[in-house]
Amino acid sequence: MAKTSPPRSSKTSGSNAKALPEYKASRDEMLDFYKQMTLIRRFEEKAGQLYGMGLIGGFCHLYIGQEAVAVGFQSALKEGDSIITGYRAHGHAIVSGASPKSVMAELTGRSGGIAKGKGGSMHMFDPKAGFFGGHGIVGAQVPLGTGLAFAAKYKGTDNVVLTYFGDGAANQGQVYEAFNMAKLWNLPVIYIIENNQYAMGTSVARSSGQQELYKRGESFGIPGKLVDGMNVLEVRAAADAAVKHVREGNGPILLELKTYRYRGHSMSDPAKYRTRDEVQTTREERDPIEFIKKRLLEDGAEEDMLKSIDKEIKDEVSEVADYARNAPEPDPSELYTDILVES
């Protein structure tokens, strides 16, 4: 069995990437990061339970372990900016402003879902929140995100587009066609590789000739950075720098976020390609929620307050699950809506 080491900080990863500073967050900001990451974690744990009960059908890809990426990056955006990602999309949708109830109801196929219960786990979509999916085809969101950036520039705005994709999708040809156009047209797009180490089940070491994925845009003239995706403060600092670079008209930028998923690729994946010790070591040493919790305690936050926040979030997620179980299913007439753009 091929093994890779658990993800390490970009400061100690052995690459030539320059160590990045951390965002100087206030206690209120750190609390907000803590709440958002904990909400995603508890939401995904509950989704896993509902899947096991047979209440969620199809595929279900959980974001457990990767919470700092979406929370850190999307906290740096302003109204009018856009986000697009692959099929591990529940956390991104919630951070974008979609209600947890609408996301969970989508998972259970109910009419109150974010896509009226017709899309499911891999097809979250909320353009009012600037969230353009959830895409089930590996790498397909990259040219689409590039198109969103073209639209932002064409309209004369200063908006930016976050285009997330994984280490597996980083080997897709359409990704590099999109890179070429983005650089050629100087588009306001930030490409974010969520490198969770194993793609669909094959480690980066076994699947990628160039394992420093942040360098993948260099041949197109796109600068890249390696970021510790388990440290929400480093993610936010990198996000601020990337957003400033793009918003000022400097064209696309590529960031590799070194992160780690604790569960398998999807709920149907037993993840036998890695050891339990590897997963446990990462949980103990690199967990993004425990990281910010420790910082809060060092800053003087009371542990009882954090426990109270945890309880409130657990109660909220229980209400979300009850709603998703009991909401009505879509009317059969919905089979014929949202197929074509209507006048």
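Just so it is clear, the values below take in all heavy atoms, side chains as well, and ignore hydrogens, waters and symmetry mates. Here the structure is a predicted model, which is why all the values come from computation and not from measurement.
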Test item: [X] and [Y] side chains (from C-beta on) under 4.5 Å apart, heavy atoms:
{"X": "Met230", "Y": "Thr282", "value": "yes"}
{"X": "Pro223", "Y": "His245", "value": "yes"}
{"X": "Met104", "Y": "Phe43", "value": "yes"}
{"X": "Leu39", "Y": "Val317", "value": "yes"}
{"X": "Glu316", "Y": "Pro100", "value": "yes"}
{"X": "Asn159", "Y": "Lys78", "value": "yes"}
{"X": "Thr163", "Y": "Ile190", "value": "no"}
{"X": "Cys60", "Y": "His90", "value": "yes"}

Looking only at atom types and distance, does a side-chain atom of [X] sit under 3.5 Å from a main-chain N or O of [Y], one as donor and one as acceptor?
{"X": "Arg88", "Y": "Leu62", "result": "yes"}
{"X": "Ser102", "Y": "Ala98", "result": "no"}
{"X": "Gln197", "Y": "Lys258", "result": "no"}
{"X": "Glu106", "Y": "Gly119", "result": "yes"}
{"X": "Asp167", "Y": "Asn196", "result": "yes"}

Check the side chains of [Y] and [X] for a donor-acceptor pair under 3.5 angstrom, ignoring hydrogens and angles.
{"X": "Gln74", "Y": "Ser96", "value": "yes"}
{"X": "Tyr262", "Y": "Gln66", "value": "no"}
{"X": "Tyr63", "Y": "Glu194", "value": "yes"}
{"X": "Ser121", "Y": "Tyr51", "value": "no"}
{"X": "Asp310", "Y": "Tyr34", "value": "yes"}
{"X": "Thr275", "Y": "Glu278", "value": "no"}
{"X": "Gln280", "Y": "Glu284", "value": "yes"}
{"X": "His61", "Y": "Arg263", "value": "no"}
{"X": "Ser26", "Y": "Asp28", "value": "no"}

How many angstroms lie between atom [atom1] of [X] and atom [atom2] of [Y], to the nearest 0.5 angstrom?
{"X": "Leu107", "Y": "Lys46", "atom1": "CG", "atom2": "NZ", "value": "13.5 Å"}
{"X": "Thr259", "Y": "Ile192", "atom1": "OG1", "atom2": "CD1", "value": "12.0 Å"}
{"X": "Ile253", "Y": "Lys244", "atom1": "CD1", "atom2": "NZ", "value": "11.5 Å"}
{"X": "His265", "Y": "Thr202", "atom1": "NE2", "atom2": "OG1", "value": "10.5 Å"}
{"X": "Leu226", "Y": "Glu212", "atom1": "CG", "atom2": "CD", "value": "8.0 Å"}
{"X": "Ile292", "Y": "Leu31", "atom1": "CD1", "atom2": "CG", "value": "9.0 Å"}

For Leu213, the option from Arg216, Lys215, Gln210 that meets side-chain contact (heavy atoms from CB on, under 4.5 Å):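 It is Arg216; the other options fail the test.
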[X] bridged to [Y] by N-O distance under 4.0 Å:
{"X": "Lys153", "Y": "Asp158", "value": "no"}
{"X": "Lys101", "Y": "Asp322", "value": "no"}
{"X": "Lys294", "Y": "Glu290", "value": "no"}
{"X": "Arg236", "Y": "Asp240", "value": "yes"}
{"X": "Asp338", "Y": "Lys118", "value": "yes"}
{"X": "Glu22", "Y": "Arg295", "value": "yes"}

Can you name the nearest heavy-atom pair linking [X] to [Y], along with the distance?
{"X": "Val227", "Y": "Ala238", "value": "CG2-CB, 3.7 Å"}
{"X": "Leu254", "Y": "Phe165", "value": "CD1-CZ, 4.4 Å"}
{"X": "Gly229", "Y": "Ala68", "value": "O-CB, 3.5 Å"}
{"X": "Met30", "Y": "Ala25", "value": "CG-CB, 3.7 Å"}
{"X": "Tyr273", "Y": "Asp269", "value": "OH-OD2, 2.5 Å"}
{"X": "Ala149", "Y": "Val189", "value": "CB-CB, 3.7 Å"}

Check the surroundings of atom CE in Met267: do more than 12 heavy atoms from other residues, nucleotides or ligands lie under 6.0 Å from it? yes
Report, as yes or no, whether the 6.0 Å neighbourhood of atom CD on Glu298 holds more than 12 heavy atoms from other residues, nucleotides or ligands. yes
Side-chain heavy atoms nearer than 4.5 Å, only ILVMFWY residues, links allowed to pass through others: does that put Val103 and Val95 together?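 Yes, Val103 connects to Val95 through the hydrophobic network.
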Answer with yes or no whether the hydrophobic clustering places Ile84 together with Ile94; edges join I, L, V, M, F, W, Y residues whose side-chain heavy atoms lie under 4.5 Å apart.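 Hydrophobic grouping puts Ile84 apart from Ile94.
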Using the salt bridge (charged side-chain N to carboxylate O under 4.0 Å, His left out) rule, take Asp287 and Lys293 through it: C-alpha gap first, then chi angles, then the decisive distance, then the call. CA-CA 10 Å; Asp287 186 79; Lys293 179 180 180 180; over 6 Å; no
Check against ring-ring contact (aromatic ring centres under 6.0 Å, His included), Phe59 and Tyr87: CA-CA 9 Å; Phe59 290 101; Tyr87 40 75; 8.3 Å; no
One pair to check against side chain to side chain contact (heavy atoms under 4.5 Å, CB included): His135 and Ile137. What are the steps and the verdict? CA-CA 6 Å; His135 292 270; Ile137 299 174; 5.9 Å; no
If you apply the rule side chain to side chain contact (heavy atoms under 4.5 Å, CB included), what do you find for Tyr198 with Arg261, and how did you get there? CA-CA 9 Å; Tyr198 288 101; Arg261 55 172 168 79; 3.5 Å; yes
Fit a plane to each ring of Phe150 and Trp185, take the angle between them on a 0 to 90° scale, and name the class: parallel (under 30°), tilted (30 to 60°) or perpendicular (over 60°).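 Taking Trp185 first and then Phe150, their aromatic rings sit tilted (interplane angle of 30° to 60°).
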Could you label the plane-to-plane angle of the Tyr164 and Phe73 rings as parallel, tilted or perpendicular, counting under 30° as parallel and over 60° as perpendicular?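 It falls in the perpendicular class, over 60°.
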Ring-face cation of Lys225 near Tyr214 (centre distance under 6.0 Å, axis angle within 45°): no
Assess whether side chain to side chain contact (heavy atoms under 4.5 Å, CB included) is satisfied between Leu187 and Met181, documenting all intermediate values. CA-CA 8 Å; Leu187 300 182; Met181 288 188 286; 5.5 Å; no
Trace of the side chain to side chain donor-acceptor pair (under 3.5 Å) decision for Glu334 with Thr337: CA-CA 5 Å; Glu334 285 290 346; Thr337 65; 2.5 Å; yes
